[in-house]
Amino acid sequence: MTRRRTGTSRPAVAGRTAIALGIAAALVTGCAAPEPPDPDVGAAAPPAVTGVTAEPEAGGGTLRVGLDAGPVSIDPRLVLDDAGELVARALFEGLVDVNPAGGVMPAGAASWRRSDDGTEYRFELRRATFHDGRPVTAQDHADALLGALDPERPPYGREALLEGLRGAIDVAEDGTRIRGGPADVLAAGGVEVVGTWELVLRLAAPDPRFLHALADVALAPIPPGAGDDPDFADLPVGNGPFRLLEPRGGDGFLRLVAVPDHHRAPRVDELVLQFTPEDSDGEGRWADLLADRLQVARIGASRRDEAEAALGRAVAVPPGPTSGLHDATAAAVYAYAFDVTVPPFDDVRLRRAIAAALDREAVAAAVGPAAVAATRLLPDRLAGPGAGTAGTTACAHCGFDPELAATLFTAWAEEAGAELPLPLTLSYPRRSDHAAVAEAVADQLEAVLDVRVSLRALDLTGFAGAVTAGEAPLFRPSLRATLGGWAAASSLLDPAVRASAPRPEAGTGWGDAASDALLDRLRAGPDPAAAAALDGRLTEEAVVVPLFWLRQHLVVAPAVGGFALDPTGRWWPELVTLG
């Protein structure tokens, strides 16, 4: 049959590995044990990192890390990928940081105090300096926060992290949410510099996840005037536990050295990052791990069993070995979603028919061995204890059932008087890996249901605008954990189904009181029961149709101690020891 395509054509994809690698850029890996919500009062001294057992003192050394690609940017305001995140977090720190056990620990702030009503945070800063010796002041932190609210300067796209600040969001009489800029936040008292070492942040309403949002590296301070320095992109001056030894070049390496007097002084002397984009299958990195030329590296899925047999299976945080194979699903799910306010997707029977018509195992197989077919939204470790296994079918239409799909579709079509074949348009952000998955899904839907599917690829701005306007009612949402620690599950689900103003790239228009109540429980702290209930509700109602998760296989050599992995794939080079 001939299918009309709008805005895209069938992509030329060089094998399953290429698809998996492209998708993997948007999905990050990891897991962590939940921790109770953060205290009203932060620690006044550099804390012991909860969840990491004591390691023997190490004699420094060079930690060598192998990654499949170099960072797009190492400027914390412009970080776009995992490699950039790793480098920027080593070079910079904001007011607070997420710790390996899922809570929040002091970083640039030595301590904080939260008001009884949960709307005011008063931070006392460390007497710290940037790597060039200039002091890191409350004004520097304020400038970094206000910069995230300014659409004219970086960091771009981080406004949601701080939308809880007073003045950041205004609600018009018709209910429209209007974003405020830095001047609005200052006027409303959302950010106040009290003195050189004291900063006050005020929220419009309490949000227990606020400290987790502040841990985003894009909110880390930079030296005054650095934003206008053309050399800053290649040799940024930070305030973190490592500093860059030499400007970034094109030789495939970045060398960072420890800052010995830092409050989180690293336990190794150097951190060397090696980028091998030509090693797409990870075979070279696997050989370097075996030869002790690398101590931490991602490998291809084809070496998973061999790595586990040779080095054992690791755990995210102690107790248990943190060296070996880290094999956990990403804190994200690749899915399709419906705008349930737009006919015909306001009818649950049609949504369920589409869900049952999708062979997730076949889609995952087409992506590659790193893909795991998903019948739930939250991966096992993100969902919490008792969530079950990846293959568990949560509901009748959550697995591939062509007969059920056809029955549901026929019943809907007859009652709705629908003209068949039903035209459907599937919208997604323009990228070859998204197109490959969309092609597979379109073929499956046309094989099972009486539909004709058009594919529409849009640039990011156009895609967000189309979803917001209800012009992309069947679309590929961005469903990934944007916050670390125990807040990860909440930050993955909340944007898609919160009744008030969902983010454009994930919004489904679903929101109701029952879903919001479960989301509020997840916002308050780790709650596996609420996560499971909300996940089940969304899949039962077919608001979002999960397709697959991705596993990224990270190997840590036996000589490495103190390694810990966050749900979003973040780890702490400053905690690592070399035996």
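- How far OG1 of Thr137 is from CG of Leu125: 7.5 Å, rounded to the nearest 0.5 Å.
- Look at Arg153 and Asp228 and you find no salt bridge, because none of the NZ, NE, NH1 or NH2 atoms lies under 4.0 Å from a carboxylate O.
- In terms of heavy atoms, Ala330 sits closest to Pro379 at O-CG, 3.1 Å.
- Judged purely by distance below 3.5 Å, without hydrogens or angles, the side chains of Arg523 and Ser490 never pair a donor atom with an acceptor atom.
- Expressed to the nearest 0.5 Å, how far CG of Leu382 lies from OG of Ser491 amounts to 8.0 Å.
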- Item | side chain to side chain contact (heavy atoms under 4.5 Å, CB included) evaluation trace for Leu554 with Val296 | CA-CA 7 Å; Leu554 184 70; Val296 179; 4.0 Å; yes

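- The minimum heavy-atom distance between Leu378 and Asp535, with the atom names listed, is N-OD2, 2.8 Å.
- Nearest heavy atoms, Ala83 versus Phe275: CB-CE2, 4.4 Å.
- His131 places a side-chain N or O within donor-acceptor distance of the main-chain N or O of Gly240, the cut-off being under 3.5 Å.
- Side-chain N or O atoms of His263 include none that pairs as donor or acceptor with a backbone N or O of Gly108 at under 3.5 Å.
- For the atom pair Arg158 CZ and Leu78 CG, the distance stands at 9.0 Å (nearest 0.5 Å).
- In this structure, Leu203 and Phe210 have side chains that are in contact, with non-hydrogen atoms separated by less than 4.5 Å.
- Test Arg480, Arg298, Arg570, Arg89 against Asp82 for salt bridge (Lys or Arg N to Asp or Glu O under 4.0 Å) and you get one pass: Arg298.
- Checking side-chain atoms of Ser515 against main-chain N and O of Asp512 turns up no donor-acceptor pair under 3.5 Å.
- Here the options are Leu201, Leu161, Val104, the test is side-chain contact (heavy atoms from CB on, under 4.5 Å), and the partner is Leu214; only Leu201 passes.
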- side chain to side chain contact (heavy atoms under 4.5 Å, CB included) between Leu219 and Leu162, intermediate numbers included: CA-CA 10 Å; Leu219 305 181; Leu162 300 174; 4.0 Å; yes

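- With a 4.5 Å cut-off on side-chain heavy atoms, Phe345 and Val340 do not count as touching.
- Counting only distance, with no hydrogens or angles, the side chain of Asp97 and the backbone of Met105 share no donor-acceptor pair below 3.5 Å.
- Pairing each heavy atom of Trp572 with each of Val98, the nearest pair is CZ2-O, 3.1 Å.
- Taking the charged nitrogens against the carboxylate oxygens, Glu159 and Arg179 have no contact shorter than 4.0 Å, which rules out a salt bridge.
- No donor-acceptor pair under 3.5 Å is formed between the side chain of Thr129 and the backbone N or O of Pro135.
- Using a 4.5 Å cut-off on side-chain heavy atoms (C-beta onward), Asp516 and Leu518 make no contact.
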- Task: Could you walk me through whether Val237 and Leu244 pass the side chain to side chain contact (heavy atoms under 4.5 Å, CB included) test, one step at a time?
- Result: CA-CA 8 Å; Val237 176; Leu244 201 59; over 6 Å; no

- Message: Applying salt bridge (Lys or Arg N to Asp or Glu O under 4.0 Å) to Glu124 and Arg113, what does each step give before you reach the verdict?
- Response: CA-CA 9 Å; Glu124 178 69 25; Arg113 184 174 294 278; over 6 Å; no

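- Using a 4.5 Å heavy-atom threshold, the side chains of Ser427 and Glu471 count as separate.
- Ring-centre distance between Tyr334 and Trp549: not below the 6.0 Å cut-off.
- Phe92 has its side chain within reach of Pro236: a pair of non-hydrogen atoms, C-beta onward, lies under 4.5 Å apart.
- For the pair Asp81 (side chain) and Val72 (backbone), a donor-acceptor distance under 3.5 Å is present.
- Looking at Asp150 and Tyr156, their side chains never come closer than 4.5 Å, going by heavy atoms from C-beta outward.
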- Please step through side chain to side chain donor-acceptor pair (under 3.5 Å) for the pair Thr119 and Asp117, ending with a clear verdict. CA-CA 6 Å; Thr119 63; Asp117 66 359; 2.8 Å; yes

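- Of all heavy-atom pairs spanning Pro495 and Leu492, the tightest one is CD-O, 3.7 Å.
- For the pair Arg430 and Phe463, the NZ or CZ position fails the cation-pi test of under 6.0 Å to the six-membered ring centre and within 45 degrees of the ring normal.
- Checked by atom type and distance alone, the side chain of Asp75 never pairs as donor or acceptor with a backbone atom of Phe232 at under 3.5 Å.
- A donor-acceptor contact under 3.5 angstrom links the side chains of Thr341 and Asp339, judged on distance only.
- Expressed to the nearest 0.5 Å, how far CG of Asp269 lies from CG of Leu63 amounts to 11.0 Å.
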- Item | Test salt bridge (Lys or Arg N to Asp or Glu O under 4.0 Å) applied to Arg267 and Glu574, step by step | CA-CA 6 Å; Arg267 304 172 192 181; Glu574 68 271 18; over 6 Å; no

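- Here the side chain of His326 pairs a donor or acceptor atom with the backbone of Thr322 at under 3.5 angstrom.
- Within the 4.5 Å cutoff, side-chain heavy atoms of Tyr336 are placed close to those of Leu547.
- With hydrogens and angles disregarded, no donor-acceptor distance shorter than 3.5 Å links the side chain of Asp216 to the backbone of Ala213.
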- Output, in order, the C-alpha distance, side-chain angles, deciding distance and verdict of side chain to side chain contact (heavy atoms under 4.5 Å, CB included) for Arg166 and Val185. CA-CA 6 Å; Arg166 293 183 188 175; Val185 171; over 6 Å; no

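- At least one side-chain heavy atom of Ile222 sits under 4.5 Å from a side-chain heavy atom of Pro76.
- Aromatic ring orientation, Phe123 versus Tyr121: parallel (interplanar angle below 30°, classes split at 30° and 60°).
- The line from CG of Leu522 to CG of Asp527 is 6.0 Å long, rounded to the nearest 0.5 Å.
- Here the OG1-CG distance, from Thr568 to Leu483, works out to 9.0 Å after rounding to the nearest 0.5 Å.
- Under a 3.5 Å cut-off, the side chain of Asp234 and the backbone N or O of Asp231 do not form any donor-acceptor pair.
- Shown here for Leu211 and Val96, the closest heavy-atom pair between the two residues is O-CG2, 3.3 Å.
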